[in-house]
Structures are given as structure tokens and as C-alpha cells.
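The figures here come from the full heavy-atom set of this structure, side chains too, leaving out hydrogens, waters and symmetry mates. Computed from a prediction, not measured in an experiment: that's the story for all the values here.
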Amino acid sequence: MSDLCDFRLAKDIAASCDNPIVSGLKNTGYLFNFDDIDWDAVAKDKTNPNVVTSLLMQGGKHAYKVIVPGKTPFSGTQAALATGTYRNKFTKTASIIVLDSGPDVSHDIIDKLANGRFVFIFENKYSGEDKRNTFEIYGLEQGLTATEITNEKYSEDTEGGWSVKLEETGAPTSGLFFFKESIIATRAALTSLLTGTVIDGG
Amino acid sequence: MADNENLRAIEEMRSRYETGFSFSDKAVIQRLYYTVLGKRVINTGCSDCYRDAFVEIRRELLRTTKQKSMSNKNDYTLKAGAIIHPQGTNRFYSLNTVPNEVAEQWLADFPNEISNFEAFPSDWRERVAAVRDGHAVPNKSDNLRQEVERLTKDNTDKAEVIASLSLERDTLRQEIERLTKRLERNTKKKPTTKEPAAAEEQTIDTLHPTE
């Protein structure tokens, strides 16, 4: 471990001609309560610490699926540089549309999103040549918190549903990606995260 | 989990089987009768309809929970998000799908990954050491599980017999009451004639030859 961080460029900047980048996200994301994650078990790739290889839940907890239909789901989701006095960091914004409304939505989703801290995994359309770009994580460093929640009754976009913006400020890395040994293993892990363990007698 | 909760709800109202179910009990029975058995309590006017439904629901829940507990024979449960992918195979194991031998072989290769398990047997070190050394150790958990399964089955069978006999007893008791009332009514109507009363007694004797 070095006392001095190495910020020297380490790769050519070029676009892939064989596998050109594609903008946008797929329709399904995964939302985690920040405190439900087993933080002791979070592990990163030794050669590239921007790849998270292990993400586990605490006993009895599970992740929640977020499905946003349409051609441009999670539109507004982005990472942007935030300059600091001594070191620059990143602000990451996850934009979620809840196409539903009512007491259960308010109680179980919106009230929780308004005050909780979260981690969000979304699926990029562009998975990269080795598929490691497929699943990207926001909120793993500082946690995502709500900065904007609106329920515009006459909105043509949300159709009277909710628009939620979750933001992570002060994230030291520009991008964190969830990838186990293969994309199949990564998807299996996500399925397991959604299911969660069932404690007998619990 | 749902079956366990339903069974808990049913067991909770078991003490009121004899004395009669409350209004809320009947609502729970109606709901479970539909969700567990897919049937509706048609005649809600009689108390026995709910008792019959109660017995049916309980029997079904005991059967399904027993099947589930017997099918879950894995001692190891992975934490949500953890995956075991044995080298050279296309199998991925997660949560409680990992068989004992796979988990123990995995832990023999990567003992530090025990932290990825939510639940594991207390003698896992012995088991894993045995796998590493190539010999088997007596599986205490298997013996205990078999004993628990045997006792659970025994208990379930007895509970089913008790429920069935209770139901039969109640039915017979009601039949006796009905016939007694009929006998009394007939006796009042024709106090001097003996033949009809004798006929009634004969009917009762035919229905309950031992009484």
C-alpha cells in the first residue's frame, strides 16, 4: 500500500470499433437498503478495485427489484465530477419512476425512499467485451439519499405516479461495477440477492 | 413461510374447536379454506361447517409443512448474494440449494469462505477436514434430523387421528342429540301408544348398536 495515490493515466483512450458503446439502461434495477448489506463481506477485485466481486446481504434481508418501463428507463441517472479543495470526487444520481400511487406505495416505498439510505444496481445496455460493464453500482461508498421526490398529478410522463431522485455525493470512484467470475454467476448472485435467506422459525 | 404462519394461526384457534369459533376465527377459516384448499365454506350457518373446514385445513397444512421440512436436507445455507460454482461444472449454488458434499468440498478448498454462509452445522470443521483427508465422519446432523423427522411424523399422525376422532365424536354427539329430541317429541305426541316409541328406539339401536 502506497502513501501516495497514483493518478497517472494507465490506458489509451479510444472507442471500440468491434463492440461500440451503446447509451442507456435496461428496464430492471436493484435497490438495497444500505444497512441491510453485509459490509464485512463486500470484496473488490484485487487488480481493479472498481469491480465489486462480492456483495452479500445480512441474514433475512434481500434486495428489491425496480422495474421502470419505457424506452428510456431511469432517465437522468448519471455520474458527474464534483471538484473539491484537496481532491475531486463524484456525485451520482439515480432517477427512478414509480408508476403507482396509493397508501401502500406511500407507506412502503416513498416514505422509506424519502428518509433512508440506499445502494442501487442498474444494468447498462453496453456490457463491454468482457461483460464487466453490465451491472453498475451507485451508492456503495456514501449511500444514496433522496434529493427530490415529486408526485405531479397531471404529469404525462409519470401518469400521476412518483418521480424520485436519489443522490450520492462525495463518492471517490467514478464507477463501481458488480461482476463475479462470469456474467452468469453475476446474474445468479443478483437472483439470490433478490430472494434473500429465509431463517427457519423466523 | 406462509404455510408456517397459516399453521400457527390454525393451531392458535385449536383450543376453541370444542367451545366454538369466534367471528374472527371463522373469517380466518374462510380465508384459509380458500387459500390453502381453493374451496369456499358454502354453508356458513352451521357450526360444524367451520369445524370440518378447520380439520381439512389443518391436515393439509401439516402435510405440506412436513413435506417441505423433509425435502430441505441441506445443512448449509449461503448468504444472499453468495454463489458457489464448483470448478469444471456449469452448476451455481445459492442460498439453501447447496448440497452438503458440495459445500464441504468448497470449504475444503476455501475455508475462509465460511463467512459467506448464513447457516452451517456446528461440526463443519470436522466434516471439511474429513473431506480434505478423504474419509467420512459420522454425520451427527443427519442422525438428529432423522430423529426429528420420525418424531414429527409420529406427532403429525397422532394429531390427525385425534382431529379425525374429535370430529367423529362431535358428529355422533349431534346425531344422538337429534335423535333424542325426536324421540322426546314423538313420546309427547303419543304417550299411550308404545309401538312408535319402540320403533324409534329400534332406529337408534340400528344406528348405534353398541350404545
Quiz item: Which residue pairs satisfy the salt bridge (Lys or Arg N to Asp or Glu O under 4.0 Å) criterion with at least one member in residues 36-65 of chain A, sequence neighbours excluded?
Solution: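 Matches after skipping sequence neighbours: Asp38(A)-Lys79(B).
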Counting neighbours of [atom1] on [X] that are heavy atoms of other residues, nucleotides or ligands and sit closer than 6.0 Å, is the number greater than 12?
X	atom1	value
Tyr126(A)	OH	yes
Arg125(B)	CZ	no
Gln87(B)	CD	no
Ile184(A)	CD1	no

Practice problem: Would you please name every residue forming a side chain to side chain donor-acceptor pair (under 3.5 Å) with Arg14(B), sequence neighbours left out? | Solution: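 Residues passing side chain to side chain donor-acceptor pair (under 3.5 Å) with Arg14(B): Glu11(B).
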Quiz item: What residue in Ser54(A), Ala41(A), Ala185(A) has the most heavy-atom pairs under 4.5 Å with chain B?
Solution: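 So the answer, after comparing Ser54(A), Ala41(A), Ala185(A), is Ala185(A).
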Report the distance from atom [atom1] of [X] to atom [atom2] of [Y], rounding to the nearest 0.5 Å.
X	Y	atom1	atom2	answer
Leu95(B)	Thr191(A)	CG	OG1	9.5 Å
Phe92(B)	Arg187(A)	CZ	CZ	12.0 Å
Phe117(B)	Leu56(A)	CZ	CG	11.0 Å
Leu193(A)	Ser94(B)	CG	OG	9.5 Å

Quiz item: For Asn116(B), is it the side chain, the backbone, both or neither that has a heavy atom under 4.5 Å from a heavy atom of chain A?
Solution: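 Both the backbone and the side chain of Asn116(B) come within 4.5 Å of chain A.
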Practice problem: Mind listing the closest non-hydrogen atom pair of Gly81(B) and Ser192(A) along with its distance? | Solution: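 Heavy atoms only, the tightest pair is N-OG, 2.7 Å.
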Practice problem: Please look at Gln58(A) and chain B and tell me whether the side chain, the backbone, both or neither of the residue comes under 4.5 angstrom of a heavy atom of that chain. | Solution: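 The answer is the backbone of Gln58(A).
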